[in-house]
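As structure tokens, the structure follows; a few thoughts come after it.
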Amino acid sequence: MTKKILLIHTGGTISMHVSEDTGAVVPDTVNPLTKEHAKLERLAAITEIEAFNLPSPHMTPEHMLKLRNIIADELAHEAFDGVVITHGTDTLEETAYFLDLTTKLEAPIVLTGAMRSSNELGADGLYNLVAAIRVASDEDARGKGVLVVMNDEIHQAVNVTKTSTSSVSTFQSPQYGPIGLVTKTMIHFHHAPIIREFVDVQNLTKRVAMLKVYAGMDGDLVDAVVEAGYDGLVLEGLGQGNVPPALVPSIEKMMQQRLPVVLVSRCFNGIAQGVYGYEGGGKQLENIGVLFTTGLNGPKARLRLLIGLNQHQQPLEMSRFFE
């Protein structure tokens, strides 16, 4: 039976072209993927929506929430078997993780994009889109949360990250690897998520900042976050979760004001945890109330804290949410 797929376009390189005049990659007034509808209809019954036409650095959490609402509204009115979203690659992993936390569908949501624009030699957009539709149409993709499909690999939203500025194999899941593969004849899953989460978010009124920790860093940047009125802070710390000692007084001030601070590692492998007991060490930070999170990079930890702070109706217990 032909599967029904909701295809949502949001912009990005996959919908752009190289200008003959300037050589720059620029957005098209008309998304070139919309011209491929007849080809895509051979794979599934496609309903196409253009939600945005944005370069991915222009995407905001508010756009992500609007995208979540579009998906919810469309699936409330029609029984789609899956959702495919085309997206710019710079922030694709953030949108994927936002949707993973704020939707609870059995039908798969699959994000894809391109590293080469539509009129470049070796353009990968249409190929990735075909693969994403195939995955979204596959019964084994159901119940696995939000997925990212690029370069014949299937990744979980929680683990995947962009690792190269330009390579078509840019999306990787450090430490974990893909959960499946796309071949010419089949969709092959070899892993499945063991945990799925859902947070009910209706609006985004709270704000969360993120800072990357470096050697010799002072506390004035942390103080500036508080003075600017942010409601929480994510620190990409050193090693297993440590910071220079000059940051500790500023972090303690945030604790006293009951402003959450979440610590992840700036390393892309391993887990941040309270191990070291020296001044600025993870154990000391854990003891004063800093939250550690397992396996997330800084941008995703920021989204997690943002979503947690904006939980609809009943506030989340942050220490449990970040276990």
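Note that the numbering runs from 1 along the sequence shown for the chain.
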Requested in this report: Just do the side-chain contact (heavy atoms from CB on, under 4.5 Å) check on V208 and Y230 with the steps written out, would you?
Outcome: CA-CA 6 Å; V208 175; Y230 282 86; 5.6 Å; no

Query raised in the report: Got F292 and E286 here, is their nearest side-chain heavy-atom distance under 4.5 Å?
Result: yes

Report task. Could you please spell out the steps behind the side chain to side chain donor-acceptor pair (under 3.5 Å) verdict for N297 and E93? Result -> CA-CA 10 Å; N297 62 21; E93 66 193 81; 3.0 Å; yes

Query raised in the report: Are I187 and I179 connected in the hydrophobic side-chain network, where two residues link if heavy atoms are under 4.5 Å apart?
Result: yes

Requested in this report: Check the hydrophobic clustering (I, L, V, M, F, W, Y; side-chain heavy atoms under 4.5 Å; chains of links allowed) and say if V84 and I70 are grouped together.
Outcome: no

Requested in this report: Without swapping roles, check the side chain of R68 against the backbone of V201 for a donor-acceptor pair under 3.5 Å.
Outcome: yes

Query raised in the report: In terms of hydrophobic clustering (I, L, V, M, F, W, Y; side-chain heavy atoms under 4.5 Å; direct or indirect links), are L204 and L316 co-clustered?
Result: yes

Query - Greater than 12 external heavy atoms within 6.0 Å of E20's CD - result: no

Query raised in the report: Is it the case that R304 places NZ or CZ above or below the six-membered ring of F321, under 6.0 angstrom from the centre and within 45 degrees of the axis?
Result: yes

Requested in this report: Check step by step if side chain to side chain donor-acceptor pair (under 3.5 Å) holds for S117 and E120.
Outcome: CA-CA 6 Å; S117 58; E120 286 186 78; 2.8 Å; yes

Report task. Evaluate the side-chain proximity of P108 to R142: yes if any heavy-atom separation is below 4.5 Å, no if none is. Result -> yes

Query raised in the report: Could you state the interatomic distance from OG (S164) to CE (M115), rounded to the nearest 0.5 Å?
Result: 6.0 Å

Query raised in the report: Which atom pair, heavy atoms only, marks the closest approach of L296 to T293?
Result: CD1-OG1, 3.7 Å

Query raised in the report: Can you get from I14 to I8 by hopping between Ile, Leu, Val, Met, Phe, Trp and Tyr side chains that sit under 4.5 Å apart?
Result: no

**Report entry** Atom pair CD1 (I307) and CZ (F98), whose distance is rounded to the nearest 0.5 Å
**Finding:** 5.0 Å

Query raised in the report: Between the side chain of D124 and the main-chain N/O of A114, is any donor-acceptor distance below 3.5 Å?
Result: no

Query raised in the report: Between K144 and E106, is the closest basic N to carboxylate O distance under 4.0 Å?
Result: no

Report task. Indicate the atoms forming the closest heavy-atom contact of V149 with A132, along with that distance. Result -> CG1-N, 3.9 Å

Query raised in the report: L147 versus V160: any side-chain heavy-atom pair under 4.5 Å?
Result: no

**Report entry** CZ (F198) with more than 12 external heavy atoms under 6.0 Å
**Finding:** yes

Query raised in the report: Which heavy-atom pair separates A107 from F80 by the least distance, and what is that distance?
Result: CB-O, 4.1 Å

Requested in this report: Would you name the heavy atoms of T294 and I271 that are closest together and state the gap between them?
Outcome: CG2-CD1, 3.7 Å

Query raised in the report: Any donor-acceptor pair under 3.5 Å linking the side chain of R266 with the backbone of V213?
Result: yes

Report task. Could you tell me whether a side-chain N or O of D90 sits under 3.5 Å from a main-chain N or O of S56, the two making a donor and an acceptor? Result -> no

Query - Approximate separation, where rounding is to 0.5 Å, of T91 OG1 and H87 NE2 - result: 4.0 Å

Requested in this report: Look at the side chain of D200 and the backbone N and O of H312, then say whether any donor-acceptor pair between them is shorter than 3.5 Å.
Outcome: no

Query - Reported NZ-to-CG distance for the pair K206 and L306, which is rounded to 0.5 angstrom - result: 11.0 Å

Query raised in the report: Which residue, V110, I49, L99, L92, forms the side-chain contact (heavy atoms from CB on, under 4.5 Å) with I85?
Result: L99

Requested in this report: Flag the pair H155 / F171 as yes when their ring centroid distance falls below 6.0 Å, and as no otherwise.
Outcome: no

**Report entry** Min side-chain heavy-atom separation T86-S15 under 4.5 Å
**Finding:** no

Requested in this report: Say whether, by atom type as modelled, one donor and one acceptor occur between the side chain of D100 and the main chain of V146 under 3.5 angstrom.
Outcome: yes

Query - Beyond-backbone contact of D231 with T205, side-chain heavy atoms, under 4.5 angstrom - result: no

Contacts under 3.5 angstrom, residues 243-259 side chains, donor-acceptor by atom type, not counting sequence neighbours:
residue	atom	partner	partner atom	Å
S250	OG	G219	O	3.1
S250	OG	D223	OD1	2.9
S250	OG	D223	OD2	3.4

Query raised in the report: Cation-pi between K283 and Y276: NZ/CZ under 6.0 Å from ring centre and within 45° of the ring axis?
Result: no

Query raised in the report: Would L111 and I71 show up in the same hydrophobic cluster when neighbours are defined by side-chain heavy atoms closer than 4.5 Å?
Result: yes

Report task. Check the surroundings of atom NE2 in H77: do more than 12 heavy atoms from other residues, nucleotides or ligands lie under 6.0 Å from it? Result -> no

Query raised in the report: Hey, is the main chain of T112 close enough, under 3.5 Å, to the side chain of N128 for a donor-acceptor pair?
Result: no

Report task. Report the C-alpha distance between F322 and L305 in whole Å, list the side-chain angles of each, state the deciding distance to 0.1 Å, and finish with yes or no for side-chain contact (heavy atoms from CB on, under 4.5 Å). Result -> CA-CA 9 Å; F322 279 93; L305 182 55; 3.8 Å; yes

Query - Within-4.5 Å side-chain heavy-atom neighbours: K66 and E62 - result: no

Query - M64 vs L67 side-chain heavy atoms within contact, under 4.5 Å - result: no

Report summary line: Taking every heavy atom of P174 against every heavy atom of T161, the minimum-distance pair comes out as CD-CG2, 3.8 Å

Report task. State whether the side chain of Q273 and the backbone N or O of G241 hold a donor-acceptor pair below 3.5 Å, judged by distance alone. Result -> no

Requested in this report: Kindly determine whether V226 and L233 satisfy side-chain contact (heavy atoms from CB on, under 4.5 Å), including the steps that lead there.
Outcome: CA-CA 9 Å; V226 176; L233 173 65; over 6 Å; no

Requested in this report: Give a yes or no answer on whether the side chain of R116 reaches the backbone of T13 with a donor-acceptor pair at less than 3.5 Å.
Outcome: no

Query raised in the report: Salt bridge between K212 and E236, side-chain N to carboxylate O under 4.0 Å?
Result: yes

Report summary line: A44 and I133 have their tightest heavy-atom pair at CB-CG2, 4.2 Å

Query - Carboxylate-amine/guanidinium proximity below 4.0 Å for E78 and K4 - result: yes

Query raised in the report: Taking atom types as modelled and ignoring hydrogens, do the side chains of K162 and T170 form a donor-acceptor contact shorter than 3.5 angstrom?
Result: no

Query raised in the report: Can you tell me how far CD1 of I195 sits from CD of E197, rounded to the nearest 0.5 angstrom?
Result: 6.5 Å

Requested in this report: Could you check if a side-chain atom of L54 sits within less than 4.5 angstrom of a side-chain atom of T10, using non-hydrogen atoms only?
Outcome: no

Query raised in the report: Salt-bridged, R320 to E323, with N to O below 4.0 Å?
Result: no

Requested in this report: Examine distances only and state if a side-chain atom of T183 and a backbone atom of M186 form a donor-acceptor pair shorter than 3.5 Å.
Outcome: yes

Query raised in the report: Atom CD of Q172 and atom CD of E153: how far apart are they, to the nearest 0.5 Å?
Result: 5.5 Å

Query raised in the report: Can you list the steps and then say if N151 with Y127 is a side chain to side chain donor-acceptor pair (under 3.5 Å)?
Result: CA-CA 8 Å; N151 201 40; Y127 183 90; over 6 Å; no

Query raised in the report: Can E139 and K3 be said to form a salt bridge (Lys or Arg N to Asp or Glu O under 4.0 Å), step by step?
Result: CA-CA 10 Å; E139 282 297 314; K3 297 295 182 74; 2.9 Å; yes

Report task. Apply the test side-chain contact (heavy atoms from CB on, under 4.5 Å) to residues L181 and I154: give CA-CA distance (whole Å), side-chain angles for both, the deciding distance (0.1 Å), then the verdict. Result -> CA-CA 6 Å; L181 303 171; I154 308 167; 5.9 Å; no

